[in-house]
There are 2 protein chains.
Amino acid sequence: MNGKLITRDTDYAVRALVYIFNSKERIVSASELVDELKIPRPFLRKILQKLSKAGILKAYKGKGGGFQLTVAAKKVSLIGLIELFQGPVKLTECLFKKKPCPNMKVCPLRKKLQGIEKIVVKELESIKLNLLFDSKL
Amino acid sequence: MNGKLITRDTDYAVRALVYIFNSKERIVSASELVDELKIPRPFLRKILQKLSKAGILKAYKGKGGGFQLTVAAKKVSLIGLIELFQGPVKLTECLFKKKPCPNMKVCPLRKKLQGIEKIVVKELESIKLNLLFDSKL
DNA sequence: TATGAATGATACCAACTTAGTATCATTTTG
DNA sequence: CAAAATGATACTAAGTTGGTATCATTCATA
Ligand code: FES
Ligand code: FES
């Protein structure tokens, strides 16, 4: 199977955030993150931009610029990042892709799987970033 | 997100098994299944072959041939099918793909996600096929 | 025993997603 | 103005999924 819960984007994002957190109030540049975390530069930059657009990082342009955590960052849970990079969590999707499925309501398989999905979402919600900040990656 | 728990293979397989179950002791041919379930023929055949190799269906070759459920079939759980078609369930995979990750043991993110994985697996194990056989798809 | 209806085995192909690149514009410090 | 940083965006490569195509084998039955 391969129904990964988190993709590379999200994983890199977590690492970057943890690193930035550990740098306290310092402004951390993409270059520094590339060096430290060995993440391919252009890919990381894309990720940082997304985090900054989402209000999780504050970006400073120009020489000496970089990123800092916003206050919001500490409240973000893993599911927030997942949704940001991978879209809304849906582990289960009806077979009949386009047309609305007639069995949607009663389909027992779907019902079961949706139950599982709910559990997963709740768990992901409970993983706040500051849980991860403590122990380093 | 798109970390689907079950792919098309598996879903089709469930449908086919339910249909065959409802046909009681009759031998059901691939053609009949194609007509009834509107699944693309060659794809369905591949799926049926897999089910038969796995001992979930018994195949009868030649004119008048087709498939029947084996006794084993009723004991199969959803996770059995998932593993058959999609391989072992692993919702979480370490970032450092190839090389064994040094943080494997302590990485808090991984630990959390593996916890979720365990829950999911347990749930999938609990979905036995005969649960689905009752209400039709 | 020949025929046709069925499955077995396998190799191939197309669309989609994920991971990653490449380029150029804009802002800021010195 | 020059250098160092981010912003925006378009492109490419590799892998996975969903699906085809072909040919071989088996079996019932006329
Ligand atoms: S088949 Fe559409 S919901 Fe079950
Ligand atoms: S990074 Fe390898 S397990 Fe967390």
Side chain of A:Lys53, base of D:dG7: donor and acceptor closer than 3.5 Å?
no
Give the minimum heavy-atom separation between B:Ile6 and B:Gln86, together with the two atoms involved.
CA-OE1, 3.3 Å
Within one Ile-Leu-Val-Met-Phe-Trp-Tyr cluster: B:Tyr19 and B:Phe67, side-chain cutoff 4.5 Å
yes
In terms of the nearest nucleotide of DNA chain C, which residue is placed more toward the 5' end: B:Arg45 or B:Lys63?
B:Lys63
B:Gly62 near the nucleic acid: base, sugar-phosphate alone, or nothing, with a heavy-atom cut-off under 4.0 Å?
base
Give me the atom names and distance for the closest heavy-atom approach of A:Ala30 to A:Leu44.
O-CD2, 4.0 Å
Ignoring backbone atoms, establish whether B:Ser52 has a side-chain N or O less than 4.0 Å from OP1 or OP2 of C:dG8.
yes
More 5' along DNA chain D: A:Ala59 or A:Gly64, using each one's nearest nucleotide?
A:Gly64
Please tell me if B:Arg8 has a side-chain N or O lying less than 4.0 Å from either OP1 or OP2 of D:dG19.
yes
Please work out if B:Pro42 contacts a base, only the sugar-phosphate, or nothing of the nucleic acid, heavy-atom cut-off 4.0 Å.
base
Between A:Lys61 and A:Thr7, which is nearer to the 5' end of DNA chain C once each is assigned its nearest nucleotide?
A:Thr7
Any idea which heavy atoms bring B:Ala72 and B:Gly55 closest together, and the distance?
CB-O, 3.9 Å
Taking 4.0 Å as the cut-off, does a side-chain nitrogen or oxygen of B:Tyr12 come that near to OP1 or OP2 on D:dG19?
yes
B:Lys4 side chain N/O closer than 4.0 Å to the phosphate oxygens (OP1, OP2) of D:dG18?
yes
Value in whole Å for how far the P atom of D:dA5 lies from CG of A:Leu33:
12 Å
Base, sugar-phosphate, or nothing: which does A:Ser31 touch, judged by heavy atoms less than 4.0 Å apart?
nothing
